[in-house]
4 protein chains.
Amino acid sequence: MRPPKSLRLDAARNKARILDAAEKVFAEEGLAASTDRVATLAGVGIGTVFRHFSTKELLLQAVLDRQVTALVAEANALVATSNDAGETFRLFLRRAFELATTKKIIVAVLEKTGNPATLDTSNRIELLRVLDALLKRAQGSGKIRQDINLDELVALMQGLLQSSKYIQSDKSAREHVLDIVLDGLRPTTVSP
Amino acid sequence: MRPPKSLRLDAARNKARILDAAEKVFAEEGLAASTDRVATLAGVGIGTVFRHFSTKELLLQAVLDRQVTALVAEANALVATSNDAGETFRLFLRRAFELATTKKIIVAVLEKTGNPATLDTSNRIELLRVLDALLKRAQGSGKIRQDINLDELVALMQGLLQSSKYIQSDKSAREHVLDIVLDGLRPTTVSP
Amino acid sequence: MRPPKSLRLDAARNKARILDAAEKVFAEEGLAASTDRVATLAGVGIGTVFRHFSTKELLLQAVLDRQVTALVAEANALVATSNDAGETFRLFLRRAFELATTKKIIVAVLEKTGNPATLDTSNRIELLRVLDALLKRAQGSGKIRQDINLDELVALMQGLLQSSKYIQSDKSAREHVLDIVLDGLRPTTVSP
Amino acid sequence: MRPPKSLRLDAARNKARILDAAEKVFAEEGLAASTDRVATLAGVGIGTVFRHFSTKELLLQAVLDRQVTALVAEANALVATSNDAGETFRLFLRRAFELATTKKIIVAVLEKTGNPATLDTSNRIELLRVLDALLKRAQGSGKIRQDINLDELVALMQGLLQSSKYIQSDKSAREHVLDIVLDGLRPTTVSP
DNA sequence: GATGAATGAGACTTCATTCAT
DNA sequence: AATGAATGAAGTCTCATTCAT
């Protein structure tokens, strides 16, 4: 329960700075942005970046990891707070959507390999687990259509998150798009 | 005085081969794929690729151009055939979605700049025009919700098309996701 | 005395056109200008250029050859006309200088290897022969200083011809520079 | 707090080596010589060349810059030392001529654009300034002909410097050529 | 003979990664 | 640990030259 290795304080600070810088740089310039840019923005030497993340790929994963962790945390917080399963589910999607708009990296990383396999496994599994729970609960409460499974939800979210970048500047449009998808997720009103 | 067209045949065949190869390579490896790979797959020398498309950028645009043209053509065909505006609209989205699944490049190109500005302008405008017409007609007939505009629709489609790649292997899941979005696009049944 | 092989008339015309184009293109864009540009300006296909001059190097030499030939012809004409050896010598230098200004290629070709070895040998020898005759005659008549030999004269001319390009736009400056050198070539007024 | 300068030493040495190599390579093979050759001769990787000079153009300018600086320095030294304006002027030309023979690059760079615009501006202006001062002083003392201005002198020097490469191996010939030009620069003895 | 499409070596340049300091 | 110089593979693009038509 102690931090694994306890980096020297400045080392830890550097690592955090690098992550912050990477998040920003990759969001702004895409995955093709050079590692040098990250180092410069972080105010460290390029060597330091590679000392902390021995590969560009690993740096990417670390950034993503942090974001996924944040997302999972939010989900858990939402679950703890709310007691309306449908609302919780919707709030989570809204939150994820916002995050995608702000920290474009999630989207960017997804671009890369075409599937989320890049995610740090344990982390990804956790996200899927939480997502599954949210979905099941919402479906259980009858607020979300029954005929959608986890994989489909994930695919839908991927698309949704990506769409955010095409209307980044227009908040109301963004909300509109999200609302439409949320409407699509409502239980299908079975007419007799 | 006519024959001097014969050489062009080979050249045209090569050009087409290159486009096909580019479509495939960029779809599979992303926009970062090297031009060399395209040349190799097309079975021509690297110089030939650059003779036909003097820039990687132009090659990209050409690939996209071809696909957009195809999409526009399908839209026009649908309009000519069907007389149910709502159905036509839905069919078009389905068709575009399918296309995105097969020829992943559309997605890939969009990845690049984050907006469709890369599209050959005239072509892009044409696509928007057709899309707008389809939307307006469907909304006019009351089959599609009124509160969505062209920009939002485009953003939604962009995201949606991208999502297709996360569930490429599962056709029914793909259709399901699309259906959900289409449901979201239905007129909102205002309950009193 | 018949033309060696009698090219078909249009072939001969093409060859001349190519030479003209090459002269112009290389003069304007330097030796790095592409052979394609030459072909385009000549209004022929690139293949035709290479049929007539199987190497870029050979094309260059041909252009130069033509100019050297012209220069030799002028020298001979001057010798035939004038009977003032000093004046003839000076006129020739002026003529060469003018030519260098107009058809910059001479300069350009010299640039390349740094020495005139590129010249078509027989042609070059002829030029050196004529130049030597002009020099000797002028020195014999006491109008040109005795202490300069052919090699030095050639070097001086090379440099001088090149300098013409730095003051291309100003004719009087050009003449001035030449006059200064010509003054330097006068017999040194030996004071007793 | 001082040592962090040590690495720079190696870097500086490399930079100098690269400049030296570039000077040599461009002089020997012309401006078309590849950057790779420079790297090889300097004994560094190609990347190192580009780390120090991010463009071939910049490398060229740096080489030239160094030479122009040296020339200006010599001019200033001469001015400080000598008090015979005519002699100073002549010495400077001799010095420049020698330099052109040894470090042929000056010539080579001029080749490029046909005018010295490529020179690092401030540097070039300084050179022109010094040259102008030398000329004016020499003319003022009556040792150099009045009817030559700065532009003409520059053109004359360009030609002269270039000529040095055609008689590189023969020192006496070289001096001869220079003497001739210097003679031409003497005040014209107006005979009544 | 003419044409121009095809070729591929080679040029410049970038960037992830290594390593001496 | 941190630094940033060095490295070289790889990418885009150009161009002299070849060759099928």
Is the closest side-chain heavy-atom distance between C/Val38 and C/Phe26 below 4.5 Å? yes

Could you tell me if the side chain of C/Arg17 sits less than 4.5 Å from the side chain of C/Asn14, heavy atoms only? yes

Is the shortest side-chain heavy-atom distance between B/Val25 and B/Glu29 below 4.5 Å? yes

Quickly work out the C/Ile18 CD1 to E/dA2 C1' distance and round it to whole Å. 10 Å

Rounded to whole Å, how long is the line connecting atom CZ of D/Phe53 with atom C1' of F/dA5? 14 Å

Rounded to the nearest 0.5 angstrom, the NZ-CG distance for B/Lys24 and B/Leu19 is 14.5 Å

Tell me, do C/Val44 and C/Lys15 make a side-chain contact under 4.5 Å, heavy atoms counted? no

Can you tell me how far the CZ atom of C/Arg66 sits from the CG atom of C/Asp20, to the nearest 0.5 Å? 4.5 Å

B/His52 atom NE2 is separated from F/dT14 atom C1', nearest whole Å, by 16 Å

What does the B/S/- profile of nucleotides 7-12 of chain E look like, 5' to 3', with a 4.0 Å heavy-atom cutoff to protein? BBB-SS

Over how many whole Å does the gap from B/Glu29 atom CD to F/dA10 atom P extend? 14 Å

Side chains of B/Gln158 and A/Lys165 in contact at under 4.5 Å (non-hydrogen atoms): no

Gap between atoms CG and C1', on B/Leu60 and F/dT12 respectively (whole Å): 13 Å

Which distance, rounded to the nearest 0.5 Å, do you find between the CZ of D/Arg37 and the CD1 of D/Ile46? 12.0 Å

Tell me the interatomic distance from B/Arg17, atom CZ, to E/dA5, atom P, rounded to whole angstroms. 16 Å

Determine which bases of DNA chain F form Watson-Crick or G-U wobble pairs with both distances under 3.5 Å, and write the result as a 5' to 3' dot-bracket string with | for other-strand partners. .||||||||||||||||||||

Once you round it to whole Å, what is the distance between P of F/dA16 and CG of C/Leu58? 14 Å

Whole Å only: how far is the CD atom of A/Glu57 from the P atom of E/dC15? 17 Å

State the OG-CZ distance between C/Ser54 and C/Arg51, to the nearest 0.5 angstrom. 11.0 Å

